[in-house]
Amino acid sequence: MLEIKNIIKKYRKGSEVFVALNNVSLEIEEGDYVVITGPSGAEKSTLLYVVGGMTHPDSGEVKYNGKNIYDRNGKEKNEYRKKDIGFVFQQFHLMPFLTVEENIRLACYNKSFCRQIRKYLEQCSLIAIKDKYPSELSVGEKQRAAFIRAIISDPVFLLADETTGNLDPVNSAILMSLIGEFHKKGGTILLVSHNPEAAKYAQKSIVLNQGKIDLN
C-alpha cells in the first residue's frame, strides 16, 4: 500500500553534507501499526515528513497505491496530504486565535466531516472546553485537540511525531489509547518516538539510527 524505497535525504551545513536518511526502505500495509524508535537526532521526524509529502527526498520513492507521491503535481500532492494523511505534531501547531472546535473544523476535508466533531470531542473529554483557545488549555488537552484535528477527515494514515514527548504518564496513556482506537477501526499508523516503550504498541517495530533502519 505504501512503499518507501531507497530514500536518501541530505542536508548541507556550511561546507559539510549531512546524510539524514541513508537508503531507507520500508513497506507499510493497510491496517499496520508501525513504531519507529531511536535516539534523539536520529532523523525519525525527517522520515515521517518524507512519508507525509512535506520533505522532498534527494532520491528514492514514496509510492502510495503504486504511484510516487513526489511525481504528483502540486494539487495531487496537496490532496494526498489533506485526504489520506493525518499528522499529529509534538508541538501541537494549533492556531492560537481559533477555539478548539474551530481548529478542528479548519481541518475538515469537506463539510460532511464536521458532523463528527462533537462525537470526537466527547470521546476525548474536550466537549466542555470546545470554545476555549489553545492558551487556555493544558498540555494534554492541546494534544488531544491536535489528535482530533488529525483524524477528523478519516485519513488512511495517521503519522504521529513524538506525540507523548511533552506529556505526563497519565496523558500519555490517554493519547496512546486514542491512537489505538483509531487503529482498531482500520486506520494505519506510523508513529515515531525516542522512547523504546512505544514499541510495545506496534505490530512492526523499527529502530532508526544514523539514517538506517533495522526491522526487529
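Heads up: numbering here begins at 1 and tracks the sequence. Only heavy atoms go into these numbers, but all of them, side chains included; no hydrogens, no water, no symmetry mates.
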Note to self: Quick test of your reading of the model: are Glu43 and Lys9 salt-bridged, counting only N-O distances below 4.0 Å?
What the structure shows: no
Check: Salt-bridged, Lys184 to Glu181, with N to O below 4.0 Å?
Finding: yes
Item checked: Non-hydrogen side-chain atoms of Val34 and Leu191 separated by less than 4.5 Å -> no
Item checked: Pair Val17-Tyr11, side chain to side chain contact (heavy atoms under 4.5 Å, CB included): steps then yes or no -> CA-CA 6 Å; Val17 175; Tyr11 293 106; over 6 Å; no
Checklist line | Exam field: side chain Glu76 to backbone Asn73, donor-acceptor pair closer than 3.5 Å | finding: yes
Check: Is the side chain of Arg144 donor-acceptor paired with the backbone N or O of Cys124 at a distance under 3.5 Å, no angle test?
Finding: yes
Notebook entry, point to check: Under a 4.5 Å side-chain heavy-atom rule over Ile, Leu, Val, Met, Phe, Trp and Tyr, are Tyr133 and Leu137 clustered together?
Noted result: no
Notebook entry, point to check: Could you go step by step and tell me if Ile117 and Ile152 meet the side chain to side chain contact (heavy atoms under 4.5 Å, CB included) rule?
Noted result: CA-CA 7 Å; Ile117 292 177; Ile152 193 62; 3.8 Å; yes
Margin query: Strictly distance-based, threshold 3.5 Å: is any side-chain N or O of Glu3 a donor or acceptor partner for the main-chain N or O of Lys63?
Written below: no
Next item on the list: Can you see which heavy atom on Gly52 is nearest to which on Leu159, and at what distance?
Entry: CA-CD1, 3.6 Å
Note to self: Side chains of Glu141 and Asn171, heavy atoms from C-beta outward: is any pair under 4.5 Å?
What the structure shows: no
Notebook entry, point to check: Is the shortest heavy-atom distance from the side chain of Phe18 to the side chain of Lys10 under 4.5 Å?
Noted result: no
Next item on the list: Please determine, by modelled atom types, if Ser45 and Asp161 share a side-chain donor-acceptor pair under 3.5 angstrom.
Entry: yes
Next item on the list: Verify the neighbour count for atom CD of Glu30: are there more than 12 heavy atoms of other residues, nucleotides or ligands below 6.0 Å?
Entry: no
Next item on the list: Taking Asn103 for its side chain and Leu98 for its backbone only, find out whether a donor-acceptor pair lies under 3.5 Å.
Entry: yes
Item checked: Minimum heavy-atom distance between Ala107 and Ser153, given as atom pair plus value -> O-OG, 3.2 Å
Next item on the list: Step through the shown structure and confirm whether more than 12 heavy atoms of other residues, nucleotides or ligands are within 6.0 Å of NZ on Lys77.
Entry: yes
Notebook entry, point to check: Can you check whether Val88's main-chain N or O pairs, donor with acceptor, with Arg149's side chain at less than 3.5 Å?
Noted result: no
Check: Side chains of Tyr70 and Val50: closer than 4.5 Å at any heavy-atom pair?
Finding: yes
Notebook entry, point to check: Less than 4.0 Å between a side-chain N and a carboxylate O, is that true for Lys44 and Glu162?
Noted result: yes
Margin query: Please find the pair of heavy atoms, one from Gly31 and one from Thr188, that lie closest to each other, and give the distance.
Written below: N-OG1, 2.7 Å
Note to self: Show, in sequence, the C-alpha distance, side-chain angles and deciding distance for Leu126 and Ile148, and conclude whether the side chain to side chain contact (heavy atoms under 4.5 Å, CB included) test is met.
What the structure shows: CA-CA 10 Å; Leu126 295 178; Ile148 299 173; 3.9 Å; yes
Item checked: Sub-4.5 Å side-chain heavy-atom contact between Gln210 and Asn22 -> no
Next item on the list: Would you indicate whether Met95, at its atom CE, is surrounded by more than 12 heavy atoms from other residues, nucleotides or ligands within a distance under 6.0 Å?
Entry: no
Notebook entry, point to check: For Tyr64 and Tyr80, what are the C-alpha separation, side-chain angles and deciding distance, and is it a ring pair (Phe, Tyr, Trp, His ring centres under 6.0 Å)?
Noted result: CA-CA 9 Å; Tyr64 176 49; Tyr80 167 75; 5.6 Å; yes
Margin query: Whether the side chain of Glu27 engages the backbone of Leu2 through a donor-acceptor N/O pair (distance < 3.5 Å, no angle test) should be reported.
Written below: no
Checklist line | Close side-chain approach of Leu94 and Lys142, heavy atoms under 4.5 Å | finding: yes
Next item on the list: Report the residue from Ile213, Ile7, Asn6 that forms a side-chain contact (heavy atoms from CB on, under 4.5 Å) with Asn23.
Entry: Asn6
Notebook entry, point to check: Would you say the side-chain atoms of Glu16 pair up with the backbone N or O of Lys13, donor to acceptor, closer than 3.5 Å?
Noted result: no
Note to self: Any salt bridge linking Glu101 with Arg105? Criterion: basic side-chain nitrogen under 4.0 Å from a carboxylate oxygen.
What the structure shows: yes
Item checked: Phe147 side chain reached by Tyr120 side chain, heavy atoms, under 4.5 Å -> no
Next item on the list: Step through it carefully: locate the ring centre of Phe87, locate the ring centre of Tyr49, and say whether they are under 6.0 Å apart.
Entry: yes
Item checked: Minimum side-chain heavy-atom gap Val192-Leu47 below 4.5 Å -> no
Margin query: Using only atom types and a distance under 3.5 Å, with no angle test, would you say the side chain of Ser177 pairs donor to acceptor with the backbone of Ala173?
Written below: no
Margin query: Keeping Glu102 on the side-chain end and Thr99 on the backbone end, is there a donor-acceptor pair under 3.5 Å?
Written below: yes
